Amino acid sequence: MTNTDDVDVLLELDIGNIAGGGGCIGRAPDGRVVFVRHGLPGERVMARVTATTTSFLRADAVEILRTSPDRVTPPCPHAGPGNCGGCDFQHVSLAGQRRLKAFRAAEQLHHFTGLKREIDVAAVRGDTDGLGWRTRVRLGVDPVGRVGFRRHRSHELELVESCPIACPEAMETGAFHAAWPGVLEIEIAVAPDRNQAVVAVVTPRKSMPALPPLRTGMVVNGRVRKQPGDVHTDVAAHTFRVSAGVFWQVHVGAAEALARAVRVEMGAVRGDKVVDLYAGAGLFSVVLADQVGSEGSVLAVERDRRACADAERNGRDYPQMSVMKASITPKFIEASLSQPDLLVLDPAREGAGQAVMTALSTHGATLRRLVYVSCDPASFGRDARVLLDAGWTLTSIRGFDIFPMTEHVELVARFDPPKTQADPSP
């Protein structure tokens, strides 16, 4: 139940540890937890309440009374209370951001599994001081046709003319300054290494407004209006086609870093049978197909039709790689995965879920390793608990800072099966 009586009330608070959602934890005079955005651990702030429930409050730090040494001036004028909701950590030094992410990842792992691990969060090549890295930018459009980002926990737009975390090539499309009347939202996708760009446009059903004359590809409601309808990017000596609207890592250096990490953690050898769940456009599948050679096999499983088409195109030089369009469910795992040697999964932010993880934990006596790629420490912790309860071992876990200026962090973890499964011999 929401109580609006306290909204806009100012509270003087001491700020504790980071919490989910980009805020930190404070305590109201009545004992309720307060999730405070724009503050930092160790600070004392004046916080304006933005939402209330019977058990907790949400608030924005509007005045800093005691300042953390990690606090910096935000590089974006749209950062701060009541403004753009896209960047949680514009007010935090890069080193401070990575410490917060490492703490959050380790805290969630311990909370859900009881394991205590230090998790290093490494920088990824391709950004400049945490800026200019985003190759995909989604913008809302107001009734007049101006673009902006959603404010935190709101449908209201913060109108913008630029974005400092967008890569320069996204800004150079002209989409930020164009007029988009009659459009609901746009997404800019660029491939800086190929100088390619496409703008995906969402309009009301059966509506076809006039579009600005950008020198980019244009896709409207999933249909190509102006070529190209995709971009191509080079990763690990392979060229990948990614169609408009298909998932791809947004940091300009993320795909390369994660492909390298997965390759190392999987440790595939020639002849291995590999399964790639939530395969998207086939990033890991292609890299692993190269690793297992013609004697091995890779099955890429993805539910999105367009992503499957891209994965098939991207793996066309590897007859040992096949693509299956399917949703990942316990029934699918039991019926369709046969006996792989290695498995990698990269689910959406909500994770794979208990039922799927339970099916994976007990599937196949030959499975000797599982690598889990996650963009959310909480859902990862929940899913990891299922494997650990089934006797698996968390052998390694690494963090990658592929979302600078935000709370988000990417994790790559390796799990080894129970010894009786991995090695049936005495």
Side-chain angles (χ1 to χ4, degrees), residues 191 230-243 246-249 254-329 331-347 352 356 359-373 395 412-417 421-424:
D230 50 51
V231 294
H232 293 74
T233 187
D234 298 321
V235 179
H238 302 282
T239 298
F240 291 84
R241 183 187 79 183
V242 185
S243 298
V246 169
F247 172 80
W248 189 255
Q249 296 291 345
E256 185 83 36
L258 295 178
R260 186 183 309 117
V262 167
R263 184 181 178 115
V264 169
E265 295 299 335
M266 290 285 275
V269 297
R270 296 187 75 83
D272 273 340
K273 298 177 182 178
V274 179
V275 170
D276 178 7
L277 301 182
Y278 313 94
L283 171 63
F284 301 142
S285 296
V286 170
V287 172
L288 293 169
D290 190 31
Q291 200 169 9
V292 302
S294 58
E295 306 94 325
S297 66
V298 176
L299 172 63
V301 185
E302 169 58 47
R303 69 180 180 181
D304 181 79
R305 173 184 54 80
R306 296 167 303 167
C308 286
D310 283 345
E312 288 175 349
R313 164 65 171 75
N314 295 330
R316 64 182 179 178
D317 293 333
Y318 295 97
Q320 66 268 34
M321 175 181 157
S322 59
V323 179
M324 180 182 294
K325 181 183 180 302
S327 295
I328 312 302
T329 65
K331 183 177 180 180
F332 170 82
I333 292 167
E334 294 163 6
S336 304
L337 286 199
S338 64
Q339 299 290 325
D341 301 303
L342 304 166
L343 187 142
V344 59
L345 67 159
D346 183 10
V356 166
L360 289 175
S361 72
T362 58
H363 180 77
T366 61
L367 190 61
R368 70 173 189 267
R369 189 163 304 140
L370 181 151
V371 174
Y372 191 127
V373 182
T395 308
V412 177
R414 170 185 160 182
F415 293 87
D416 290 341
Q421 177 174 320
D423 181 9

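Keep in mind that this is a model prediction, so the values were computed, not measured.
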* Asked: Between Val286 and Met321, is a side-chain contact (heavy atoms from CB on, under 4.5 Å) present by the stated rule, with each step listed?
  -> CA-CA 7 Å; Val286 170; Met321 175 181 157; 3.9 Å; yes
* Asked: Going through the checks in order, is the side-chain contact (heavy atoms from CB on, under 4.5 Å) test met by His232 and Arg313?
  -> CA-CA 11 Å; His232 293 74; Arg313 164 65 171 75; 4.3 Å; yes
* Apply side-chain contact (heavy atoms from CB on, under 4.5 Å) to the pair Tyr318 and Val298, showing each step before the final yes or no. => CA-CA 9 Å; Tyr318 295 97; Val298 176; over 6 Å; no
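Residues Asp290 and Arg263 are in side-chain contact: their nearest non-hydrogen atoms beyond the backbone lie under 4.5 Å apart. In this structure the side chain of Asp310 never reaches within 4.5 angstrom of the side chain of Phe240, judged on heavy atoms. Looking at Asp346 and Gln249, their side chains come closer than 4.5 Å, going by heavy atoms from C-beta outward. The shortest side-chain heavy-atom distance between Leu288 and Gln291 falls under the 4.5 Å cut-off. Looking at Leu337 and Leu343, their side chains come closer than 4.5 Å, going by heavy atoms from C-beta outward. For the pair Phe284 and Val373, the minimum side-chain heavy-atom distance is below 4.5 Å. Residues Met324 and Phe332 are in side-chain contact: their nearest non-hydrogen atoms beyond the backbone lie under 4.5 Å apart. Within the 4.5 Å cutoff, side-chain heavy atoms of Thr239 are placed close to those of Asp234.
Put simply, the side chain of Asp304 gets close to the backbone of Arg306: a donor and an acceptor are under 3.5 Å apart.
Here Asp416 pairs with Arg369 in a salt bridge; the nearest charged N to carboxylate O distance falls below 4.0 Å.
Leu277 pairs in a side-chain contact (heavy atoms from CB on, under 4.5 Å) with only one of the listed residues (Leu370, Val344, Leu360), which is Leu360.
Taking the ring-ring contact (aromatic ring centres under 6.0 Å, His included) definition, one finds that Tyr278 meets it with nothing, sequence neighbours left out. Residues passing the ring-ring contact (aromatic ring centres under 6.0 Å, His included) test with Tyr372 are Phe380, sequence neighbours excluded.
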